[in-house]
Amino acid sequence: MEIAAVRGTRDILPGESRLWAWVEEAARRTCARYHYEEIRTPIFELAALFARGIGEVTDIVEKEMYTFVDRGGRELALRPEGTAGVVRAVLEHKLYAGPLPVKLFYVGPMFRYERPQAGRYRQFTQFGVEAFGSADAALDAEIISLGISFLTEVGLKEWELRLNSIGCPVCRGPYRELLRSRLEPLRHELCVSCQQRLDRNPLRVLDCKEEGCRRLTEGIPPIDEYLCPECRRHWESVQEHLNALGIPFRRYPRLVRGLDYYTRTVFELVTIGLGSQDAVLGGGRYDGLAEMMGGPSVPAIGFAAGLDRLLLGLEAAGTLPEPGPEVDLYVARVGDVPQAQVLRLVTELRRQGLRVDMDFLGRSLKTQMKTADRLGAVFTLVVGEGEWERGEVLLRRMSDGSQEVLPREGLAEKVAERLAAAQAIARGEV
RNA sequence: GUGAGCGUAGCUCAGGUGGUUAGAGCGCCAGGUUGUGGCCCUGGAGGUCGUGGGUUCGAGUCCCGUCGCUCACCCCA
């Protein structure tokens, strides 16, 4: 086999796929509780959408997009994140003209051309939430609360909420200039990438991990001391709401995030045990994005959670759910019973709603039992020559090995009864 | 794009200083019980040692290239 899954992509095999279904269900359940509804947007869009939405000078747009030209000459790109497409859809369908706020979520694959490493893939899956049409700080708190509810729902207990406000264009301008004027004289002492950041997006110097850069920026007052009155009020209100909800957070002045569209609130939920890719959920407010994309001014806030990363974190924490039984019933065939009749019986049982499998390899009873055991079958139905000729089958309860002979007629109902009883006992209800 | 580490059975890995038929555990299949799972025992199948070249009487082992994977930087979920 010389053809393998391409770099940065991977197959989710049975065993892991059940975990994905479980995480996505948790996301859907959580969204339902907060009344956020699902939106499904295309996996590819015009490349210009992302350039305009995310920012021309971001790494994502400059070097990480999967772009291609289709047969019609359109410049397209696989979506590198979810927000731009959702905003496009909201504008295109004028959802902002309906009941507000518009509260949406999505789950699906995103694509970025980066070097893969732990918790980072070229195709990865994000669960994201966006709310449009309100600048109320209570909505910021709701979104953050939703994010935490989701993490709680999947059993992630160790997290830290990092929170900051990066203001609006009005207050960010002067602060950017302050940064420039303070750092320009020290330019040669900054790391190479920070020297570039100084020209392009000075805010990003703040979250550089280089020790040297950190020291140089230590004395600079945090951005939240430079917020305009409206942004300051919003920032304080967000914190008050979180306090009222009992959600602990850490003010994190260095948190600025890399996407251009953020305004005011930015936040990150980080987890432990994930190496350097520990941010499992991140987002913020983007009040200017709709307008930047040619629509009316629609304030909005959202987050995206990396599900690949989240699953890694849960695995590291050892809190993933145990696999349950794969079938309710395994049907074992012994002797000269025609396979066609067994298949028919199995199909009847399945039509009753039971989860049933059977042997297709003509293996020994012992091996079939072993298979039933491995699948976690609650019962094994032994279809043997003798009983079959008398119109009977043998039902074995795997937990204790007890067996009973049942008539072939009306079997599905009987098995369903026994199964319900066994499951009630397993749940400790009896 | 930069740096480092690693490629041996389906999986996880052993294989001092080069030496004959390349091993283990788990998994799979069969048997021990001619109709009964978990535990145990026996046997079996399964490997171009990533790949190409070089050194050598001889390379899984040493050298170089190449491909792949992993981790980190960058950035981000």
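Here the structure is a predicted model, which means the values were calculated and not measured. Chain A is the first sequence line, chain B the second, and so forth, proteins listed ahead of strands; every chain is numbered from 1. Computation of the quantities below employed the complete heavy-atom set of this structure, encompassing side-chain atoms and omitting hydrogens, waters and symmetry-equivalent molecules.
The side-chain tip of A:R162 does not point at the ring of A:F267 from less than 6.0 angstrom away and within 45° of straight on.
Looking at heavy-atom distances under 4.0 Å, A:G335 makes no contact with the nucleic acid at all.
Rounded to a whole Å, the CZ atom of A:R122 is 18 Å from the P atom of B:A77. Residue A:F150 contributes atom CZ, which lies 11 Å from atom C1' of B:A77 at whole-angstrom precision. Between A:Y262 atom OH and B:C76 atom C1' there is a gap of 10 Å when expressed in whole angstrom units. In this structure, CZ of A:R120 is placed 13 Å from P of B:G1, rounded to the nearest angstrom. Atom pair A:Y121:OH and B:C69:P shows a separation of 13 Å (rounding to whole Å applied). A:R397 places its CZ atom 18 Å from the P atom of B:G37, with the value rounded to the nearest Å. Protein atom CD of A:E387 is 8 Å distant from nucleotide atom C1' of B:G35, rounded to whole Å. In this structure, the CG atom of A:D336 is 11 Å from the P atom of B:G35, given to the nearest Å.
Taking the six-membered ring for Trp and the full ring otherwise, the centers of A:Y36 and A:F105 sit at least 6.0 Å from each other. For A:Y106 and A:F127, the gap between ring centers reaches or exceeds 6.0 Å.
The side chain of A:R204 places an N or O atom within less than 4.0 Å of a non-bridging phosphate oxygen (OP1 or OP2) of B:C76. Distances shorter than 4.0 Å separate some side-chain N or O of A:Q117 from OP1 or OP2 on B:A72. Between A:R115 and B:A72 there is no side-chain N or O to OP1 or OP2 distance below 4.0 Å.
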request  = Taking Watson-Crick and G-U wobble pairs with both distances under 3.5 Å, convert RNA chain B into its dot-bracket string, 5' to 3', dots for unpaired and | for cross-strand pairs.
outcome  = (((((((..((((.....[...)))).(((((.......))))).....(((((..]....))))))))))))....
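Partners of A:R18 under the side-chain hydrogen bond (donor to acceptor under 3.5 Å, both in side chains) rule, at least two apart in sequence or in another chain, do not exist in this structure.
For A:Q403 against B:G35, a side-chain-to-base donor-acceptor contact under 3.5 Å is absent. Side-chain N/O atoms of A:R309 and base N/O atoms of B:C76 include a donor-acceptor pair closer than 3.5 Å. Counting atom types as modelled, A:R374 pairs no side-chain N or O with a base atom of B:G38 as donor and acceptor under 3.5 Å. One donor-acceptor pair, N or O on each side, does fall under 3.5 Å between the base of B:A77 and the side chain of A:R112.
When each of A:L281 and A:V6 is assigned the nucleotide of RNA chain B with its nearest heavy atom, A:V6 is the one assigned upstream, toward the 5' end. Heavy-atom distances to RNA chain B give each of A:Y113 and A:G283 a nearest nucleotide, and the one nearer the 5′ end belongs to A:Y113.
Comparing the C1' positions of B:G37 and B:G46 gives a spacing of 26 Å, expressed to the nearest Å. The same atom, C1', is picked in B:G43 and in B:U48; the two are 27 Å apart, to the nearest Å. Distance noted for atom P between B:U61 and B:U51: 11 Å (whole Å). Of the C1' atoms belonging to B:C41 and B:G5, the separation is 42 Å, rounded to the nearest Å.
Between the side chains of A:T371 and A:Y330, no donor N or O sits under 3.5 Å from an acceptor N or O.
In summary, A:K103 and A:E142 engage in a salt bridge, as defined by a charged side-chain N under 4.0 Å from a carboxylate O. Taking the charged nitrogens against the carboxylate oxygens, A:D140 and A:R285 do have a contact shorter than 4.0 Å, which makes a salt bridge.
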Could you write out each protein N or O paired with an N or O of nucleotides 31-34 of chain B at a distance under 3.5 Å?
from, atom 1, to, atom 2, distance (Å)
B:G32, O6, A:K366, NZ, 3.0

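Nearest heavy-atom pair across A:Q126 and A:L307 is C-CG, 4.4 Å.
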